[in-house]
Amino acid sequence: MFKRLLFLLLITAVILGMTGSALADNHEGQYGGTLIYATGADADALDPHMTTLGNSADVIVNVFDGLVRFKSGTTEIEPALATDWEISDDGLEYVFNLREGVQFHDGTPFNAEAVVFDIERQLDPEHPYYLEGSYPYAGFSLGMIDEVTAVDEYTVKFTLENPYAPFLKNLAMFATMIASPEAVKEYGEDIFKNPVGTGAFKFVEWVRDDQITLEANEDYWDGRPYLDELIFTVIPNNQTRLLELENGNVHLMEGLNPTDIERVRENEELELLEAPGLNIGYIALHNEKKPFDNKEVRKAMNYAVNKQEIVDYLMGGQATVAKGPLPPTIWGYDDTLEGYPYDPEMARELLEEAGYGDGFEFTLRTYSAPRSYNPVGARLATAVQQYLSEVGIKANIEQLEWGTYIEEGKAGKHTAAFFGWIADNGDPDNFLNVFFNSDNRGSTNRAFYVNEEVDRLLEEAQQITDEAEREKLYKKVQQIVVDDAPFVFLNHMKMQIPIRTSVKNYVLYPTNNKYFHKVWLEQ
Amino acid sequence: MWGQSAAVPKSLEVRNMFSYILRRLLLLIPLLLAISIVVFLMIHLIPGDPVQIMLGDKGTAEDAQRLRRELGFDQPLHIQYFKFLSNLLQGDLGRSIRNRNPVINEIGAAFPATIELTILSMIFASLIGIAAGIISAIKQYSLIDNLTMVGALLGISMPVFWVGMMLMLVFGSRLGWLPISGRISRMADLDVITNFYLLDSILTGNWAAFRSTFLHLILPAITLATIPVAMIARMTRSTTLEVLNQDYIRTARAKGLPEKVVILKHVLKNALIPVVTIIGLQFGSFLGGAVLTETVFARAGVGRLLINGILGRDFPVIQGAVIFIASFFVFINLIVDILYSYLDPRIHYS
């Protein structure tokens with residue numbers, strides 16, 4: 001009986017899979033046309049390794065490919081420039097078989113030598129094309145590599161210093177996409193504005209602070225894109241950008257004012273695409289400083305703040321409540337978490353237990369301007385201050401300029417301060433290890449949280465490659481840190497992209513990068 | 001014959017003019033030096049570490065140290081300044097911290113956009129402002145005069161940002177007559193030579209591009225002109241009124257000249273001298289207005305370059321842009337001073 005059921009399931013899956021792929025292959029995409037995407041700010045560099053900026057990454061993912069890539073709309077990995085790969089049992093060696101016959105936009109061949117060149121120019125200060133201080137992501141994304149070698153023309157081998165399970169995810173990031181070595185040699189220091197990759201679109205022109213133009217790569221290994229031309233244009237003012245979308249002069253935009261959401265929804269020519277983003281906004285409570293060295297006090301802080309009200313009203317519905325450190329859409333999220341619902345009574349009780357029945361006073365640091373994980377800037381601090389005062393806690397707000405704020409935040413000069421995080425590679429390690437590994441005190445562990453068991457679990461999860469096992473470990477870490485409450489977990493921002501209804505097949509990616517390979521325009 | 005003794009011979013006049021211009025140009029040097037010191041001190045003393053801003057949340061302390069060394073920010077301030085100055089004297093403004101482009105290229109691309117906008121806007125403001133001012137003065141206390149002066153008051157009082165948005169809503173969205181963002185149609189095909197798109201389209205004989213550029217200029221130019229047009233109208237009105245009461249106007253009328261000649265030849269020429277000063281000074285405020293106008297209308301000009309520079313603490317860009325703007329402003333003032341002598345023969349340069 002069981003076997004037959006399994007068989008039936010299998011058949012269903014196969015049929016579904018077939019129709020799925022048939023649909024994907026036969027969808028009535030129309031070729032041609034120019035799509036214009038309006039951004040709020042210009043790119044800073046178009047070399048994949050020389051930027052951390054989202055506006056740059058959006059261009060880069062369309063011009064370049066990585067060895068692997070994210071499946072459409074997910075953080076799962078699928079083949080790209082590598083067709084398949086093998087990971088050694090000790091998790092130290094990654095051998096990739098490369099796709100044959102792929103060419104860079106300048107006509108030079110893509111092969112193992114090109115991969116080795118492009119990795120080494122970021123990591124090796126002795127490399128002739130290494131540019132001091134130019135690779136902000138290299139440490140994070142490739143720093144664990146001990147050696148990268150070309151085994152033969154289409155096989156490349158990475159040897160890691162330590163087992164590091166999120167490595168594959170790193171290779172799908174925009175920052176590790178492969179650039180043409182010949183272009184690097186030709187342009188030298190100016191490679192940042194002359195991107196040459198293997199991607200679906202070729203770079204045409206960059207008019208500073210105005211527009212970046214790309215054209216279809218007719219020979220793209222994964223099929224020519226539907227669009228003939230793709231333009232990224234900068235319109236700094238949110239109102240102007242929306243007017244241009246309504247007028248039909250642009251097709252897609254970022255940066256919608258919360259007050260304009262209804263206006264977009266009511267317009268029949270527009271559609272609002274929404275998806276939860278991979279990010280979190282939180283308050284780091286300095287776990288080594290009084291009174292936040294006391295777990296009861298930290299929990300009380302979490303119960304005292306009405307997060308639902310904050311995301312619904314202050315943030316205009318652009319965010320969801322955070323129950324823990326991970327956004328719910330990430331692989332490895334523990335959906336059994338209860339989090340800390342608004343409960344001022346409980347907060348008062350916990351304070352009583354901790355010996356702070358009369359409340360206490362502390363300095364709450366904030367930055368001023370909105371950030372991508374906090375659309376209201378310093379007003380968030382004022383709201384939190386109000387909630388805390390209702391349970392007898394007096395927060396004195398201190399506002400600092402951003403550069404100083406971050407520097408002192410890393411150094412731990414705050415008692416409590418607002419921070420946030422945006423995922424790099426879609427792996428839970430990129431949140432949990434960043435926030436809670438005691439080794440990261442002084443950089444990204446802004447709560448100065450130390451828990452030996454958490455450290456051990458995080459390290460173990462980095463070293464094993466079995467996904468199911470890793471998932472168990474990360475769920476355990478979430479249970480522990482939510483109970484320890486080193487943060488006040490606040491909110492996850494949604495991604496909101498208004499598009500014209502003539503834009504078809506546009507998919508939001510959790511990393512929030514904009515991919516246009518499969519997008520087409522109804523004409 | 002009695003007036004000739006006071007007149008200066010033509011050749012001497014020209015020589016005087018040249019030495020005057022030369023002296024004014026030489027004066028530029030200490031002025032720019034002073035500006036460079038002030039700008040340099042200002043950007044280094046206000047809070048905000050460009051290195052931390054560049055690295056953002058994710059950089060480590062070592063990254064910051066390395067970058068600081070790379071950019072030379074680990075040196076004492078006076079050494080940094082002299083380095084900057086010696087580079088400046090060699091025409092090297094450094095590279096943008098934000099995007100690594102040479103600052104001189106950044107300015108070279110952005111400045112023409114602002115100049116095109118400023119000049120067109122100035123032409124609008126002068127033509128309309130002077131015409132309105134003269135009509136108001138001639139028809140003093142009439143309905144037209146009152147309406148013009150209320151309009152001028154409104155023009156001065158309305159925020160540039162708001163004017164821009166209103167024009168966009170009406171002429172861009174409702175009526176759909178004019179484009180509202182960018183310098184030229186995004187699909188236009190223009191070979192850029194000088195970065196002055198109007199000039200480039202003429203040079204390449206690309207009339208579609210010329211038309212597109214011009215249309216893209218209209219709304220921002222009107223927006224930018226609202227304050228100057230009001231100031232020019234008010235100034236023209238008051239100086240015209242003053243001139244109208246002069247004896248020589250009564251004489252001109254008495255000798256039977258047609259009113260048109262009196263106004264155009266006698267009144268206008270004398271009334272315009274202070275107006276030219278105002279126009280020259282307005283160029284300065286134009287650059288200020290350009291920051292807002294360029295943001296609203298998404299024009300990649302020097303105003304936006306400066307704002308992006310300030311927000312990102314991009315020191316080389318701020319320094320370069322301010323020095324460039326200051327030089328330009330001084331240069332405009334020099335031209336205004338020279339123009340005086342044409343408008344008013346009583347003014348001599350010695």
Side-chain angles (χ1 to χ4, degrees), chain A residues 34 36 38 41-45 50-53 56 131-134 136-137 139-140 189-190 192-193 205 207-211 213 229 231 233-237 239-241 243-244 246-247 249-250 369 371 400-407 409-411 419-422 424 434 442-444, chain B residues 46-64 66-71 95-101 105-106 109-110 113 161 164-165 168-169 172-173 176 179-187 192 294-301 304-305 307-308 311-313:
Chain A
T34 298
I36 303 179
D42 200 8
D44 58 357
M50 291 187 171
T51 180
T52 55
L53 194 69
S56 290
L131 294 171
E132 172 85 43
S134 293
Y137 249 134
F140 168 81
E189 212 179 333
D190 283 338
F192 76 92
K193 55 178 174 180
E205 185 190 28
V207 182
R208 200 65 61 168
D209 276 335
D210 194 354
Q211 72 177 53
T213 310
E229 206 177 26
I231 292 175
T233 189
V234 185
I235 304 180
N237 183 263
Q239 287 295 330
T240 314
R241 207 179 314 119
L243 280 177
E244 285 291 50
E246 289 171 343
N247 294 347
N249 293 325
V250 306
R371 305 202 66 81
L400 273 78
E401 176 280 325
W402 179 247
T404 322
Y405 187 80
I406 281 298
E407 196 170 13
K410 286 173 187 167
F419 291 108
W421 185 258
I422 302 155
D424 296 296
V434 161
S443 61
T444 51
Chain B
I46 52 170
D49 179 355
V51 169
Q52 289 296 342
I53 288 174
M54 271 173 82
L55 287 174
D57 269 341
K58 307 200 168 174
T60 62
E62 293 100 79
D63 290 338
R66 202 168 43 223
L67 197 58
R68 215 167 264 138
R69 199 169 52 238
E70 165 85 353
L71 295 167
R95 275 177 182 256
S96 158
I97 297 178
R98 180 171 69 110
N99 62 18
R100 299 155 202 278
N101 229 21
N105 293 3
E106 295 271 283
F161 208 77
M165 289 308 304
M168 257 182 202
L169 277 173
S173 287
I180 60 172
S181 75
R183 287 181 69 187
I184 190 167
S185 160
R186 296 191 171 87
M187 265 97 89
V192 174
E294 285 170 0
T295 304
V296 180
F297 290 97
R299 294 178 56 84
R304 255 179 61 205
L305 184 70
I307 282 293
N308 286 337
L311 290 179
R313 298 289 188 272

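Reckoned from all heavy atoms, side chains included, excluding hydrogens, waters and symmetry mates. The chains referred to below are lettered A, B, ... by the order of the sequence lines, with proteins before strands, and numbering in each begins at 1.
Between A:K193 and A:D42, none of the side-chain N atoms (NZ, or NE/NH1/NH2) sits under 4.0 Å from a carboxylate O, so this pair counts as no salt bridge. A salt bridge does not link B:R100 to A:E189: none of the charged side-chain nitrogens sits closer than 4.0 Å to a carboxylate oxygen.
Side-chain contact between B:R186 and B:S181: present, with at least one pair of heavy atoms (C-beta onward) separated by less than 4.5 Å.
If you measure heavy-atom distances from A:E229 to chain B, the contacts under 4.5 Å come from the side chain alone. At a 4.5 Å heavy-atom cutoff, the contact between A:E407 and chain B is made by backbone and side-chain atoms alike. Proximity to chain B involves both the backbone and the side chain of A:S134, based on heavy atoms less than 4.5 angstrom apart. Using a 4.5 Å cut-off between heavy atoms, A:V434 does not touch chain B at all. Contact annotation for B:N308: only side-chain heavy atoms (C-beta onward) come within less than 4.5 Å of a heavy atom of chain A. Heavy atoms of A:I235 lying under 4.5 Å from chain B belong to its backbone as well as its side chain.
Distance alone, capped at 3.5 Å, places no donor-acceptor pair between the A:T233 side chain and the A:Q211 backbone.
B:L169 approaches A:L243 most closely through the heavy-atom pair CD2-CD2, 3.8 Å.
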